Protein chains: 2
Amino acid sequence: MFMNSNYPAESRALIAVDCIIFGFDEHEEVLKVLLIKRDMTPHKGDWSLMGGFLGIDETVDDAASRVLHTLTGLDNIYMEQLHVFSEVARDPVERTISVAYIALININDHDQKLIQQYSARWFTLEDKPDLIFDHDEMFNLGLSRLQHRVSTKPIGFELLPEKFTMRQLQKLYEEILATDLDKRNFSKKINSLEILEKLDEKDKRSSRKGSYLFKFDEEKYKEKSRQGFHFKI
Amino acid sequence: MFMNSNYPAESRALIAVDCIIFGFDEHEEVLKVLLIKRDMTPHKGDWSLMGGFLGIDETVDDAASRVLHTLTGLDNIYMEQLHVFSEVARDPVERTISVAYIALININDHDQKLIQQYSARWFTLEDKPDLIFDHDEMFNLGLSRLQHRVSTKPIGFELLPEKFTMRQLQKLYEEILATDLDKRNFSKKINSLEILEKLDEKDKRSSRKGSYLFKFDEEKYKEKSRQGFHFKI
DNA sequence: TGCATAAGTGTAAAAAATACAATATTATTG
DNA sequence: CAATAATATTGTATTTTTTACACTTATGCA
C-alpha cells in the first residue's frame, strides 16, 4: 500500500457545471430562462447559462447548488442533473467537460441585485438569444426534460408561489407543455390526485368573483408515493 | 488573444466511465449483468462494473463505446448516459468522477474469450455480489432506468436475438419489470403498436406446435415516431 | 389415434381520457 | 338597487384504454 498513489498515466480535465434555470412569470404567464452575459473571452458579452467549475471538495450537485446560490441568493433550489457534455473542443480555452443541470425557481423570490451584478436577465423562450459553446444544446435538452418531468413529478409547484390558483397552475402546464388544456378536465385531473389543499382564501386580483387558492401538500404526496401512487398529468 | 490560455486556478480531476451491461439469458429467462473481477488494488479480486478513463481525444460516449468494445468485442451497442457520480472520496486512489452508462447487449453475441480475459462473468440480479466503490448505487439506478426505458422506448429488442417469439418478449418484460403479465393482453398490446413484423417462420424448440417468430421493424417504428407515435407498454 | 404440451385467440367490464356549455359569484356602474 | 360585465366553477355523455378471464388449436410422440 502506497501513500499518494494515483492513476498516473491518465489525463485530467476541468469539470464544469452549467445550470438551465427556469422561472415562470405569473404576470405574463410565460416560462422564462435566466441567462448571464459572459464577462470573459472568448465570446465576451454573449449570453450563456450560469456555470462554474467543480471545486476539489465538492460533488457536482454541491457545485451546482453553489452556482445557483451565487446567482440567485437562494438555497434548496429544485435541481436535477441533466446530462454530461464532453465534446473535445466544446470549450475552446481548455478541455472541459460540463455537467448540465436544470433548476426551477420562483421568479419573484430571487435576489434582484445579484442577478444585476452578473448582468443576468430573464428571457422568454421566444426571445432567448443564441448561447455560447454547446449551451443551446443544453437548453434544448433541458426543456425536453422539464416537459417530461412536470408530467411525472409534482415539480411544477417549484415555479409558483406557495399559494396559487387552479388557473395559474393550468397556465403553467400549458406554457411548459406548449399545449392548450381544457379547464374542466384539468381541474378534475388535478383534484383527483388529492395532493393539493384547497384554502378558504381567494385571490381577488384576477376577477370580481375571486378564485380559490391552493397549496401543494408535500406530506400527502409523500405518503401517497409510499403507497405506490404515481403522479401523472 | 493568447495561445495556450486556460483557466489556471481551477482543479482538474480524473474522469471515468462505468458501464452497467445488461443481458437477457434466453435459456434461463432471466436478466443478467456483466461484472468484472478487479485486477488492481484497492479491492483487488472484488467485483465491479467495467470501466475506464476518459481519453484526451474522446467524448464520454466515445469512452463508453471503447470500454464496451474492449470487453465484448461488439460495436454499436445500445447505451445511454445514466448519471454522474462525484462523491469526493468515491475512489480512494484519487479524486475521480465517473459517468455511468447502461448498455444492453444480446448475451449470445459477445466474445467469450474477451470476457474471460477480464475475468468477467454474467450474474443474475439475485446472485449479483456487492460491488466496489459506489458501483452498487450505479447498478440500482441503472436498473431503475432500464425499467423505465423499456416501458417507453423499444429497446428491449436489443436484449433479444433478431428473431424472437412473443413469449420470449413477454418473459423479457416480465423479468425486467419484475411483474407478471397476461399473455392475451400482452400480445394484444404489442400487436397494436404495429412495430413488429410477424415472420412465417416458427421456433419449434419450445413446443410441438411451434411459435411464430417476430422481428422489430425499426423503419416502421421511426416512421411512426415521425408521425407523433409514442411507444408505451 | 389419442394424449400431452405450449401457442394462440376474444369478449365483457371497468377505468381513464376526452369533448363539450351552462351557471355562479361579485364588483362596478347607471 | 338592478343590470351588467367578467371570470370562476362545475357535470355529463362518449370514446378509448386497460383489465380480467378460459377455451380452442396445432403438432409430435407414445
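This structure is a prediction, so every number in the text was calculated from the model and none was measured.
Taking a cutoff of 4.0 Å between a charged side-chain nitrogen and a carboxylate oxygen, B:D136 and B:K128 qualify as a salt bridge.
With A:F157 as reference, A:F164 is the one residue of A:F164, A:Y221, A:F214 to meet the ring-ring contact (aromatic ring centres under 6.0 Å, His included) rule. Between A:Y101 and the choices A:V60, A:D18, A:L82, the side chain to side chain contact (heavy atoms under 4.5 Å, CB included) rule is met once, by A:V60.
Residue A:Y212 contributes atom OH, which lies 19 Å from atom P of D:dT7 at whole-angstrom precision. The NE2-P distance, from B:H230 to D:dT17, rounds to 14 Å in whole Å. Regarding A:R205, its CZ atom lies at a distance of 18 Å from the C1' atom of C:dT26, rounded to whole Å. Atoms CZ (B:F186) and C1' (D:dT18) sit 15 Å apart, rounded to a whole Å. As a whole-Å value, the separation of B:K232 NZ from C:dA16 P is 13 Å. Remark: C1' of C:dA7 and CZ of B:F164 are 17 Å apart, rounded to the nearest angstrom. Taking atom CD1 of residue B:I190 and atom P of nucleotide D:dT19, one finds them 14 Å apart after rounding to whole Å. One can place CG of A:N191 at 16 Å from C1' of C:dA16, the figure rounded to the nearest angstrom.
For B:H230 and A:H148, the ring centers sit 6.0 Å or farther from each other.
Close to C:dA6, at under 4.0 Å from its OP1 or OP2, lies no side-chain N or O of B:R167. For D:dA8, the OP1/OP2 oxygens have a side-chain nitrogen or oxygen of A:S206 closer than 4.0 Å.
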Protein-proximity profile, nucleotides 20-30 of chain D, B/S/- by nucleotide at the 4.0 Å heavy-atom cutoff, equals BBB--BBBBS-
CA sep, side-chain torsions, deciding dist, call: A:E26, A:N108, side-chain hydrogen bond (donor to acceptor under 3.5 Å, both in side chains): CA-CA 9 Å; A:E26 294 163 54; A:N108 300 310; 2.9 Å; yes
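The CD1 atom of B:I36 sits 10.5 Å away from the OG1 atom of B:T70 when rounded to the nearest 0.5 Å.
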